[in-house]
Number of protein chains: 2
Amino acid sequence: MNERKRQVLLTAQRLFINKGFSTTSVQDILDESRISKGTFYNYFSSKNECLIAILEHARNEASVRRRELLIGQDLSDKNILIEQISIRMHVNREQNLLPIYEAVFHSGDDDLKTFIKNMFLAEFSWLSKRLVDVYGKEVAPHAADCAVMFFGMMQQLLHVWSAVSKEEIDTSKLVSFVMRKIDSIISGMIDANDIFLHEDVFHKLNSDQGEEMETKAQLLERLTGFLELLGEETRPAAKQYVQFLLDELRTECPRVFVLESVVRSFREAFVGLSHEPEAHELAYKVWSYVDSKG
Amino acid sequence: MNERKRQVLLTAQRLFINKGFSTTSVQDILDESRISKGTFYNYFSSKNECLIAILEHARNEASVRRRELLIGQDLSDKNILIEQISIRMHVNREQNLLPIYEAVFHSGDDDLKTFIKNMFLAEFSWLSKRLVDVYGKEVAPHAADCAVMFFGMMQQLLHVWSAVSKEEIDTSKLVSFVMRKIDSIISGMIDANDIFLHEDVFHKLNSDQGEEMETKAQLLERLTGFLELLGEETRPAAKQYVQFLLDELRTECPRVFVLESVVRSFREAFVGLSHEPEAHELAYKVWSYVDSKG
DNA sequence: CATTTTTTGGACTATCGGTATAATATATTC
DNA sequence: GAATATATTATACCGATAGTCCAAAAAATG
């Protein structure tokens with residue numbers, strides 16, 4: 001992705017946050033980022049596509065940080081899950097995306113609608129899986145219900161809070177509060193075999209919606225391309241992570257725990273550097289690949 | 001309210017349901033209801049005001065039916081509460097209002113935003129009170145949390161259901177399901193004194209947002225006006241309810257239980273008649289008055 | 001320097017919500 | 001029934017919107 005395009009994206013994001021999506025005109029973006037109309041529509045095929053790019057970036061951001069939290073940790077640690085959920089909330093709040101999600105969910109554009117829908121369903125699917133990790137496999141039949149209710153409670157409490165209170169909300173307090181409610185709910189559901197949604201509501205989504213997975217070859221190609229991109233001014237310490245990832249991935253059976261550790265260090269090494277965005281993007285790709293294998 | 005205006009309102013509602021609010025243009029409404037632009041803007045000062053009129057009508061509809069359900073019943077009967085909640089869901093579904101609420105909640109128009117916001121907060125406030133009715137006054141400190149979570153769970157489950165399933169949702173099954181979750185949650189909250197929202201988050205709303213209450217004199221005036229409006233073709237049986245309500249209200253201390261019964265019969269007597277809308281409106285006013293006194 | 005790619009800026013289209021108005025139709029009143 | 005008041009119509013108009021198109025200028029590339 002072009003550097004200028006990224007600037008435009010950031011400007012658009014800032015405007016959407018401050019003024020709202022529908023009330024921000026394309027002209028506003030043009031004025032603010034000092035580009036011409038032609039350039040904008042060269043970058044994005046429409047205002048909606050521009051928004052989608054922003055949302056995708058936020059999703060990847062949250063995704064990477066969530067995965068890094070799990071490195072070397074116990075999957076069943078409830079506090080880790082709380083932190084992971086808080087991360088999404090933080091990203092959403094920092095970027096003020098929640099209103100955008102909802103404002104756009106019922107908009108006229110079908111692409112935009114299905115994009116947001118899939119985003120939400122993917123989130124539910126993820127939380128379902130994690131709830132089984134934490135509470136054990138006997139909650140599997142109820143995981144979908146619980147995941148959906150979790151988000152429902154959280155989102156609605158958040159709405160009311162911001163509608164009636166001026167104070168900044170305490171994110172982890174909210175997440176912990178809702179998690180305790182799930183604690184209370186779960187045993188009763190299991191005892192009474194109380195189910196509303198089918199257990200496998202999200203299975204179909206995982207297969208057809210999942211962003212196109214890259215092949216190992218494509219991933220290696222991206223990494224080598226990135227390595228060549230790095231000039232002499234980049235610290236060798238930063239470069240060596242890329243080289244290591246390449247070597248490890250090329251082995252017959254790459255060690256997952258090693259990849260996990262190194263990809264995090266790799267991303268962190270590029271924070272603040274000029275190629276941070278590309279590094280982040282790559283980290284996301286590697287994580288996706290690792291997840292698909294493990 | 002003019003008869004023609006009501007027709008326009010119904011047409012607009014149908015279009016909003018079928019095409020969505022933002023994607024329905026004023027021109028669409030004009031074409032469909034065969035009126036001119038001038039007439040439309042004579043009826044409504046804007047497209048948003050037109051929507052507000054629709055939403056207000058739906059709210060009154062649900063409100064009247066809910067109150068009627070309570071006549072002669074035990075306030076603490078949980079099944080009645082379930083029915084009452086189902087009513088709102090039915091009205092919303094019949095009129096497909098949920099998407100409209102959400103689509104509009106983050107729109108640019110401030111009037112519209114605060115209208116919807118107040119509508120939701122009034123709903124939370126109502127449910128808080130009813131939860132105390134049902135579960136006892138010791139849940140009062142947690143009623144706001146529970147009410148908000150109730151709606152959060154319900155709404156999110158509804159979203160997912162309609163996103164992944166073609167079948168029509170079983171409303172009372174959903175409401176009962178969520179109510180059972182509240183059952184599970186409440187005792188734990190009381191034991192641990194677990195609170196997120198303040199108990200009185202909604203109190204402020206009730207005072208300043210509450211639609212302008214009519215004085216007794218205004219109410220009597222409306223009733224007499226309605227009585228005069230009724231021509232000779234109206235059945236005396238229908239008229240006598242109005243006369244009775246007038247007499248009872250004029251007494252020093254109107255008996256609430258009598259008003260409750262009669263106002264329901266009054267409304268039912270006009271179902272299908274030409275003055276049904278006005279009768280419904282009046283029933284709503286009387287209910288509001290009764291509630292404010294009782 | 002020559003070629004290719006990107007960027008520019010403005011003209012243009014169609015639609016939107018909303019305003020203004022003058023002419024016409026429908027009620028109401030005397 | 002005539003006079004008056006009110007409601008409705010049709011249409012032109014406004015400013016703002018998202019998006020298209022294109023020729024010229026600028027910048028990057030070999």
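Letters A, B, ... mirror the listed sequences (proteins, then strands); counts begin at 1. These values consider heavy atoms only, across backbone and side chains, with no hydrogens, waters or symmetry-generated copies.
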Tell me whether the guanidinium CZ or amine NZ of K47(B) lies under 6.0 angstrom from the six-membered ring centre of Y41(B) and within 45° of its axis.
no
The criterion is side chain to side chain donor-acceptor pair (under 3.5 Å); which residues satisfy it with E123(B), sequence neighbours excluded?
R66(B), R88(B)
Strictly by modelled atom types, are Q243(B) and D247(B) linked by a side-chain donor-acceptor pair under 3.5 Å?
yes
Step through the shown structure and confirm whether more than 12 heavy atoms of other residues, nucleotides or ligands are within 6.0 Å of CD on E221(B).
no
Do we see a donor-acceptor contact under 3.5 Å between the side chains of Q27(B) and D31(B)?
yes
Using a cut-off of 4.0 Å between protein heavy atoms and nucleotide atoms, how would you tag nucleotides 8-30 of chain D 5' to 3' with B, S and -?
SB-------SSBB----------
Quick one about S25(A) and D28(A) (side-chain donor to acceptor, distance below 3.5 Å, no hydrogens or angles considered), yes or no?
yes
Reading DNA chain C from 5' to 3', where do the contacts with chain A start and stop? Cut-off is 4.0 Å to heavy atoms.
dT7(C) to dG9(C)
Heavy-atom neighbours of Q240(A) CD exceed 12 at 6.0 Å
yes
